[in-house]
K.L.:
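Structure in structure tokens, see below.
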Amino acid sequence: MGGRPRRAEREPVMTRWVLHVDLDQFIAAVEVLRRPELRGRPVVVGGDGDPTERGVVATASYEARAHGVHSGLPLRTAARRCPEAVFLPVDADAYRAVSSRVMATLRGFDAVVEVLGWDEAFLAVAGDDPETTARRIRARIRAATGLECTVGIGRNKLQAKLATGLGKPTGVFRLTHRNWFEVLGGRPTDALWGIGAKTARRLRAAGIATVGDLAAADPRALAERFGPATGPWLVRLAQGRDHSPVDGAPRVPRSRGRETTYQRDLRDWRDVRREVANLARQVAGEAAAERRPAARVVVKVRYAPFATRTRGRTLEAPTAEAARIEEAALAALDRFTERRPVRLLGVRAEFAR
DNA sequence: TCTGGGGTCCTAGGACCC
DNA sequence: TCTGGGGTCCTAGGACCC
């Protein structure tokens, strides 16, 4: 009776871990930080802060979530579900400032730091005790900003990211191949990072309801249904496999855009044309400030009630010149033949690579 | 309950070329 | 006339995430 080699059971001396740090109810927490009298009250941040207008919830505090208010919910609905909530406008500059302090704190650790957004980052760390590192991260962020966060620990970014959701709020959770199926095997596929409602529905139609089902599926069969890259990737996702590196290099944006939902639909297409020109000049200003020439300009039109169309124009040569970008946006707009009432307009500049 | 704004990446289909 | 197969690029749109 030889049994298994013991080496396979033993952890290497120095192990690589991925930690995912996610601030708890970040936007609402920043608002409470500068208005302490709001602590403990339902706070809803979104749009212009007026729950009678068009807009959706960006973040709700846990007190508001208890009333069924969550991100993406129309503000009007949020007001109906939680009339006593405090409604605040989105103040991107304030969140960016706090975010910078959070990320600077994380860069103080001996780790590669990949920033994901205002309130999230991955850290690649070495060591045998990632929980201790996680608790130090939580303590230092609290000391530096007064904010709470949750830390997920995994062998890769996928595991760490999902671990965070299991540790929230204000916790630390470790998710590896050892407990992956125990924790996630019976959950619906949209529990995974990258599978949303649409893909989950298509998977159910193929007889795949849970993470466990998907992990056992045939990658070739899914390639037929979901495409040659996406199909096999879905199976790897369900198995908790992910080899993407934690990338500390600063992100170089591929595009920059501006879009606006109008409080009242635009019915006169002279207004539409003027608004597209405005958006194009704003985008051009940002492209020029970042010294990024645009190679293509795409205009988005959302007709009332909600049908969305895009049309683009490739520039003869990449440019950050406002007049050229505005011209291209108006040329793209001219390709829209339907002159129905418009709910939203957007202009996006795609940068030369 | 009428559905934001900022992005990224992938796919399908047509054009074009050999 | 009736005409294969493959590669690559471009465009529009879908899906997803924060």
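Throughout, protein chains are lettered first and strands after them, A, B, ... in sequence-line order, and every chain is numbered starting at 1. Just the heavy atoms: all of them, side chains too, but no hydrogens, waters or symmetry mates, feed the values below.
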K.L.:
Answer yes if the side chains of Asn156(A) and Ser244(A) hold a donor-acceptor pair under 3.5 Å, and no otherwise.
P.N.:
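Absent: no donor and acceptor within the cut-off.
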K.L.:
Describe the nucleic acid contact of Lys161(A) in one word from base, sugar-phosphate, nothing, applying a heavy-atom distance below 4.0 Å.
P.N.:
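Sugar-phosphate, backbone atoms only, no base.
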K.L.:
Any cation-pi pair here, Arg339(A) with Phe336(A), using under 6.0 Å and within 45°?
P.N.:
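Judged by the rule, Arg339(A) and Phe336(A) form no cation-pi pair.
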K.L.:
With respect to the phosphate group of dG5(B), does any side-chain polar atom (N or O) of Arg256(A) fall under 4.0 Å of OP1 or OP2?
P.N.:
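Indeed not, no polar side-chain atom of Arg256(A) lies that close.
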K.L.:
Across the strands shown, which category fits Ser71(A) at heavy-atom distances under 4.0 angstrom: base, sugar-phosphate, nothing?
P.N.:
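If one applies the 4.0 Å heavy-atom cut-off, Ser71(A) turns out to touch nothing in the nucleic acid.
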K.L.:
What is the distance, to the nearest angstrom, from the CZ atom on Arg54(A) to the P atom on dT1(B)?
P.N.:
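So the two atoms are 18 Å apart, to the nearest Å.
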K.L.:
What nucleotide, of dT8(B), dT11(C), dG5(B), holds the atom closest to the side chain of Arg296(A)?
P.N.:
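Selected nucleotide: dT11(C).
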K.L.:
Base, sugar-phosphate, or nothing for Gly117(A), non-hydrogen atoms under 4.0 angstrom?
P.N.:
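The residue Gly117(A) makes no contact with any strand.
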K.L.:
Heavy-atom nearest nucleotide on DNA chain B for Val252(A) versus Ala229(A): which residue maps closer to 5'?
P.N.:
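Result of the comparison: Val252(A).
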K.L.:
Would you say Ser255(A) and Arg348(A) are linked by a side-chain donor-acceptor pair, where the criterion is simply a distance under 3.5 Å?
P.N.:
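The answer is yes; a qualifying pair exists.
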K.L.:
Could you give the CZ-to-P distance, from Arg81(A) to dT1(B), as a whole number of Å?
P.N.:
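Between P of dT1(B) and CZ of Arg81(A): 9 Å.
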K.L.:
Would you classify Leu344(A) as touching base, sugar-phosphate or nothing, given that sugar-phosphate means primed atoms plus P, OP1 and OP2, and contacts are heavy atoms under 4.0 Å?
P.N.:
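Sugar-phosphate only.
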K.L.:
Could you give the OH-to-P distance, from Tyr262(A) to dT3(B), as a whole number of Å?
P.N.:
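Going from Tyr262(A) (OH) to dT3(B) (P), I get 16 Å.
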K.L.:
Let me see the working for Glu316(A) and Arg324(A) under salt bridge (charged side-chain N to carboxylate O under 4.0 Å, His left out), right down to the final yes or no.
P.N.:
CA-CA 10 Å; Glu316(A) 308 83 68; Arg324(A) 294 281 85 75; 5.6 Å; no
K.L.:
In whole Å, what separates the P atom of dT3(B) from that of dC18(C)?
P.N.:
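Nearest-Å result for dT3(B) against dC18(C) at atom P: 23 Å.
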K.L.:
Distance check needed: dT11(C) P versus Glu350(A) CD, whole Å only.
P.N.:
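Interatomic distance, CD of Glu350(A) to P of dT11(C): 9 Å.
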K.L.:
Is there a donor-acceptor pair under 3.5 Å between the side chain of Arg335(A) and the backbone N or O of Gly312(A)?
P.N.:
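A pair under 3.5 Å: yes.
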K.L.:
Does Arg35(A) have more than 12 heavy atoms from other residues, nucleotides or ligands lying within 6.0 Å of its CZ?
P.N.:
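Result for CZ/Arg35(A): enclosed.
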K.L.:
Gly196(A) near the nucleic acid: base, sugar-phosphate alone, or nothing, with a heavy-atom cut-off under 4.0 Å?
P.N.:
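Contact class for Gly196(A): sugar-phosphate only.
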K.L.:
Which nucleotide in the set dG13(C), dG5(B), dT1(B) lies at the smallest distance from any side-chain heavy atom of Thr261(A)?
P.N.:
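Looking only at heavy atoms from C-beta outward on Thr261(A), the closest nucleotide is dG5(B).
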K.L.:
For Arg34(A), does the CZ atom sit with more than 12 other heavy atoms under 6.0 Å from it, leaving out its own atoms?
P.N.:
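Yes, enclosed.
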K.L.:
Can you tell me if Arg348(A) touches the phosphate of dG5(B), counting only side-chain N or O atoms and a distance under 4.0 Å to OP1 or OP2?
P.N.:
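No.
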K.L.:
With a cut-off of less than 4.0 Å, is there a side-chain N or O of Thr314(A) near OP1 or OP2 of dC10(C)?
P.N.:
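Answer is no, no contact under 4.0 Å.
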K.L.:
Think Thr77(A) has a side-chain N or O under 4.0 angstrom from the OP1 or OP2 of dT3(B)?
P.N.:
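No, outside the criterion.
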K.L.:
Within the 4.0 Å heavy-atom criterion, would you say Gly257(A) contacts the bases, only the backbone, or no part of the nucleic acid?
P.N.:
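Sugar-phosphate contact only.
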K.L.:
Please answer whether dT3(B) and Phe306(A) are stacked, defined here as ring centres separated by less than 5.5 Å and planes angled under 30°.
P.N.:
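Base of dT3(B): stacked against Phe306(A).
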K.L.:
Counting any heavy atom closer than 4.0 Å, what does Ile195(A) reach on the DNA or RNA strands: base, sugar-phosphate only, or nothing?
P.N.:
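Sugar-phosphate: the residue Ile195(A), judged by heavy atoms under 4.0 Å, touches backbone atoms but no base.
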K.L.:
Given atom NZ of Lys157(A) and atom P of dC17(C), what is their separation to the nearest angstrom?
P.N.:
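These atoms are roughly 15 Å apart.
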K.L.:
Name the closest nucleotide to the Ser255(A) side chain, picking from dG7(B), dA12(C), dG4(B).
P.N.:
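Given the options dG7(B), dA12(C), dG4(B), the side chain of Ser255(A) is closest to dG7(B).
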K.L.:
Round to the nearest Å and state the distance from Trp118(A) atom CH2 to dG5(B) atom P.
P.N.:
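Atom CH2 in Trp118(A) sits about 13 Å away from atom P in dG5(B).
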K.L.:
Among the nucleotides dT1(B), dG13(C), dA15(C), which one has an atom lying closest to any side-chain atom of Thr310(A)?
P.N.:
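Nearest nucleotide to the side chain: dG13(C).
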K.L.:
So which nucleotide from dG4(B), dT11(B), dC16(C) ends up closest to the side chain of Thr230(A)?
P.N.:
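Side chain of Thr230(A) sits closest to dT11(B).
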K.L.:
Counting Watson-Crick and G-U wobble pairs only, both distances under 3.5 Å, name the nucleotide matched with dG13(C), or none.
P.N.:
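Across any shown strand, dG13(C) pairs with dC10(B).
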K.L.:
Starting from P on dA15(C), measure out to CZ on Phe226(A) and report it in whole angstrom.
P.N.:
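So the CZ-P distance, Phe226(A) to dA15(C), works out to 11 Å.
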K.L.:
Any donor and acceptor pair, going by atom type alone, linking the side chain of Thr145(A) with main-chain N or O of Ile141(A) inside 3.5 Å?
P.N.:
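Judged by distance alone, yes, a pair lies under 3.5 Å.
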K.L.:
At 4.0 Å (heavy atoms only), tell me whether Leu192(A) reaches a base, stays on the sugar-phosphate, or touches nothing.
P.N.:
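Counting heavy atoms under 4.0 Å across all strands, the contact made by Leu192(A) is with sugar-phosphate only.
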K.L.:
Considering just the side-chain nitrogens and oxygens of Arg254(A), establish if one lies under 4.0 Å of OP1 or OP2 belonging to dC9(B).
P.N.:
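Answer is yes, contact under 4.0 Å.
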K.L.:
For Thr260(A), answer base if it contacts any base atom (sugar-phosphate contacts may also be present), sugar-phosphate if it contacts only those atoms, and nothing otherwise; contact means non-hydrogen atoms under 4.0 Å.
P.N.:
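Sugar-phosphate contact only.
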K.L.:
Within this structure, what is the CD-to-C1' distance between Glu290(A) and dG6(B), rounded to whole angstrom?
P.N.:
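Rounding to the nearest Å, CD of Glu290(A) and C1' of dG6(B) are 13 Å apart.
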K.L.:
Report yes if a side-chain nitrogen or oxygen of Arg251(A) is closer than 4.0 Å to either non-bridging phosphate oxygen (OP1 or OP2) of dG7(B); otherwise report no.
P.N.:
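Answer is no, no contact under 4.0 Å.
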K.L.:
Once you apply a heavy-atom cut-off of 4.0 Å, does Arg335(A) come out as touching a base, just sugar-phosphate, or nothing?
P.N.:
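It contacts sugar-phosphate atoms only.
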K.L.:
Under 4.0 Å, heavy atoms only, any strand: does Ala197(A) hit a base, just the sugar-phosphate, or nothing?
P.N.:
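Sugar-phosphate, no base atom in range.
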K.L.:
Would you please confirm or rule out a distance under 4.0 Å between OP1 or OP2 of dT3(B) and any side-chain N or O of Arg302(A)?
P.N.:
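Answer is no, no contact under 4.0 Å.
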K.L.:
Remember a base hit wins even if backbone is also touched, and classify Pro253(A) as base, sugar-phosphate or nothing at under 4.0 Å, heavy atoms.
P.N.:
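Pro253(A): backbone/sugar contact only, no base atoms under 4.0 Å.
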K.L.:
Starting at the 5' end of DNA chain B and moving along, which residue's nearest nucleotide shows up first, Gly47(A) or Arg80(A)?
P.N.:
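Final value for this comparison: Arg80(A).
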